[in-house]
Amino acid sequence: MDESNEWTGFSIFSPRKEWPRLLSELDIFFNAGPGSGLTELRIIEFNYLYGSNIRVFGLPVTGQRAALARHLQTLLQDTLGMQVMPALHPKIPTGNTTALAIRVLLSDVIMAAFQHEAVDDEALFTMVICLYLTLLKKDKTAMALMLTDTDPVGFMEDPVKNRKQLEAEYARNKGLLCEMKNDIFRNSETNRPDWLQEWITGYEAITGSMPAGSLPAIYRTTVYLIMKQLGPAGPLMLQAEYFIRKIAASETVSL
Amino acid sequence: MISSNLVPAARQVFLLLSNNCTPRIMHLFNQISAAAAHLGDSFLLYHQTEAVLPAALNSNNSFSFCDNILTGLHYLPVSATLIPGNNHFPLLHFYRQHPGYDFYWFIEDDVRFNGPWENLFNYFTAQPGQPDFISSHVRRFDEEPNWYWWNTLQHVYTFIPLHLRIRSFNPIYRISNAALNCIHSILYADKWRGHHEVLLPTLLSLEGLHIADFGGVGQFVPEGCMNKFYVDDHCDVFGAINAGTMRYRPLIENLQHADKLYHPVKE
């Protein structure tokens, strides 16, 4: 058994409106509180199985697993009065260190973005789009992969109707989407939220020295991890993909 | 002959899936056991459909399961029966009770290797970069977009974009301990479900694990393995594999090429 992959994990059940306060408390716990000396890494996921919840996983410093679990449980249950459940599976299934680094970075970004902002579908959607666009900026291969012939609407029950709706939504939001893309692609840091800058810088640091051949796989894994950790609803993820394909295709030439 | 490049530390198990215990199946099982004896253990992964186990089976050579694993493992099946789509459940059931192997070989009872099985087992045991999942006919969505089972990969609330999905053909595959841990976690804690031929390659690849192809053609075939252990052919417009030595149908009667995998062979 690989003891180095034994994480301490909890699902913290609470309404989404309480998540900013919860994330603030977790941030203090891991960075300045009792968790800081006990934790090597931590991962945050938004989750909705059995009710809205935040999954938090901590990789303990060697020999500190029980202490980390105890302190975390004390914070969540006794101090914050949250309903918590131990993670069903304590091993983080990361296939390689790059995937793990991206998971940790996404957790940092979630922490930075939502401690002071409500977590709702609109905020999640904006975040998914921004994170996703960064991948396309980084890697031309990713852009090519995104623009394959794959039809994201193909399996929907009524593709014609749904495509019409998506197209109408896209037309309504095109201006804003172009602005977001230009902001990310043009390296202008003005007006960029801190969490987005953290993501752009962090993703570049993780992938900057990697051979070009490995980037498509990293791109695919990152899209999956964005979906996994932000937990956007299926229609939201589909809409995000549709919008990104449109915006990537329509504006590439002008950039 | 055992190659000097074999990794002796890797502990492997070889599982022959069958719902029969006929002399023909036991002969195949004994062939595989003998060929794999220097690499690890072998078990007949026996799908028990009657109250009493056949006399030839015991805990040393078999691992039995019933249809109740479709609910008892607390995963979400894609149908009410093992086939279609849920053939990974018996393997995961075995893994959860025997988590100590490094690699798990899963072999359906209508797969044949037209040569000594050890040629296949030794070759992949000796490879320097050990893939976490080796199967056949590994393809991305955009290569065969009309394949019937793509959309079975589902989650209760979220969605994996289609262009990230991968399929494989799984009458025989080898999967690592890390990959099984990953799949168990995703099925048990995250509640993904899907036909194993889209679920396994897609999720393992996206989680950052290494997937590869035994032979055939395509981007997942390791260097030097093109059509090495099976011969691939184009599938039809719906992604059905009806040609080549590893195919869905029709049945194969003549095994023409040496050292190749064949499916489905009914003797």
Side-chain angles (χ1 to χ4, degrees), chain A residues 1-2 5 9 11 45-50 55 87-103 132 145-156 216-228 230-242 244-245, chain B residues 74-76 96 99-102 129 131-133 140-166 176-192 198 201-211 219-220:
Chain A
M1 302 288 269
D2 181 10
N5 195 26
S11 295
E45 282 179 20
F46 292 161
N47 192 280
Y48 303 93
L49 276 179
Y50 316 115
R55 288 181 176 181
L88 287 172
H89 196 270
K91 292 193 176 185
I92 296 291
T94 43
N96 56 50
T97 51
T98 305
L100 179 58
I102 291 168
R103 295 204 69 176
Y132 213 143
L145 290 172
M146 187 67 198
L147 297 177
T148 58
D149 291 336
T150 305
D151 178 5
V153 191
F155 281 126
M156 296 180 78
I218 296 170
Y219 156 76
R220 291 185 178 102
T221 289
T222 307
V223 173
Y224 167 74
L225 293 177
I226 290 170
M227 177 276 298
K228 182 167 178 155
L230 286 177
L236 214 61
M237 190 70 190
L238 191 72
Q239 190 177 18
E241 198 196 355
Y242 187 85
I244 290 165
R245 288 166 66 88
Chain B
H74 300 289
Y75 306 147
L76 297 177
R96 285 167 65 170
Y101 294 99
D102 297 304
D132 291 286
F133 179 69
R140 293 197 180 279
F141 177 88
D142 56 352
E143 295 177 273
E144 294 172 2
N146 298 320
W147 183 55
Y148 183 75
W149 300 103
W150 285 121
N151 205 32
T152 61
L153 181 57
Q154 292 183 356
H155 189 264
V156 289
Y157 64 82
T158 193
F159 171 81
I160 292 181
L162 298 173
H163 77 285
L164 302 184
R165 300 185 188 201
I166 301 171
S176 71
N177 187 296
L180 281 168
N181 171 57
C182 174
I183 290 298
H184 166 59
S185 163
I186 288 171
L187 299 186
Y188 186 71
D190 294 344
K191 301 298 178 195
W192 278 94
V198 58
T202 300
L203 292 175
L204 292 176
S205 173
L206 292 177
E207 289 281 356
L209 291 149
H210 178 194
I211 68 171
Q219 58 189 295
F220 294 94

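These values consider heavy atoms only, across backbone and side chains, with no hydrogens, waters or symmetry-generated copies. Here is the naming used below: chain letters follow the sequence lines, and residue numbers restart at 1 for every chain. Quick caveat, the model's predicted, so the values are computed rather than measured.
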Test side-chain contact (heavy atoms from CB on, under 4.5 Å) applied to A:Tyr224 and B:Leu203, step by step: CA-CA 9 Å; A:Tyr224 167 74; B:Leu203 292 175; 3.9 Å; yes
Shortest non-hydrogen contact from [X] toward [Y]:
X        : Y        : value
A:Tyr132 : B:His163 : OH-CE1, 3.5 Å
B:Leu162 : A:Glu241 : N-OE1, 4.3 Å
A:Leu49  : B:Asp190 : CD1-O, 3.4 Å
A:Val223 : B:Pro161 : CG1-CG, 4.2 Å

Given that the side chain runs from C-beta out, which part of B:Asp132 has a heavy atom under 4.5 Å from chain A: side chain, backbone, both or neither? neither
Considering only heavy atoms, which portion of A:Tyr50 lies under 4.5 Å from any heavy atom of chain B: side chain, backbone, both, or neither? side chain
So, taking the atom named [atom1] in [X] and the one named [atom2] in [Y], what distance separates them when rounded to the nearest 0.5 Å?
X        : Y        : atom1 : atom2 : result
B:Glu207 : A:Leu225 : CD    : CG    : 6.5 Å
B:Thr202 : A:Arg220 : OG1   : CZ    : 11.0 Å
B:Tyr157 : A:Leu236 : OH    : CG    : 12.5 Å
B:Leu164 : A:Met227 : CG    : CE    : 8.5 Å
B:Lys191 : A:Leu88  : NZ    : CG    : 7.0 Å

Greatest number of non-hydrogen atom pairs under 4.5 angstrom with chain A, of B:Gln154, B:His184, B:His210, falls to B:His184
Ignoring hydrogens and angles, tell me if any N or O in the side chain of B:Thr158 forms a donor-acceptor pair with the backbone of A:Ala233 under 3.5 Å. no
A side-chain contact here means heavy atoms from C-beta on lying under 4.5 Å apart; do B:His155 and A:Lys228 qualify? no
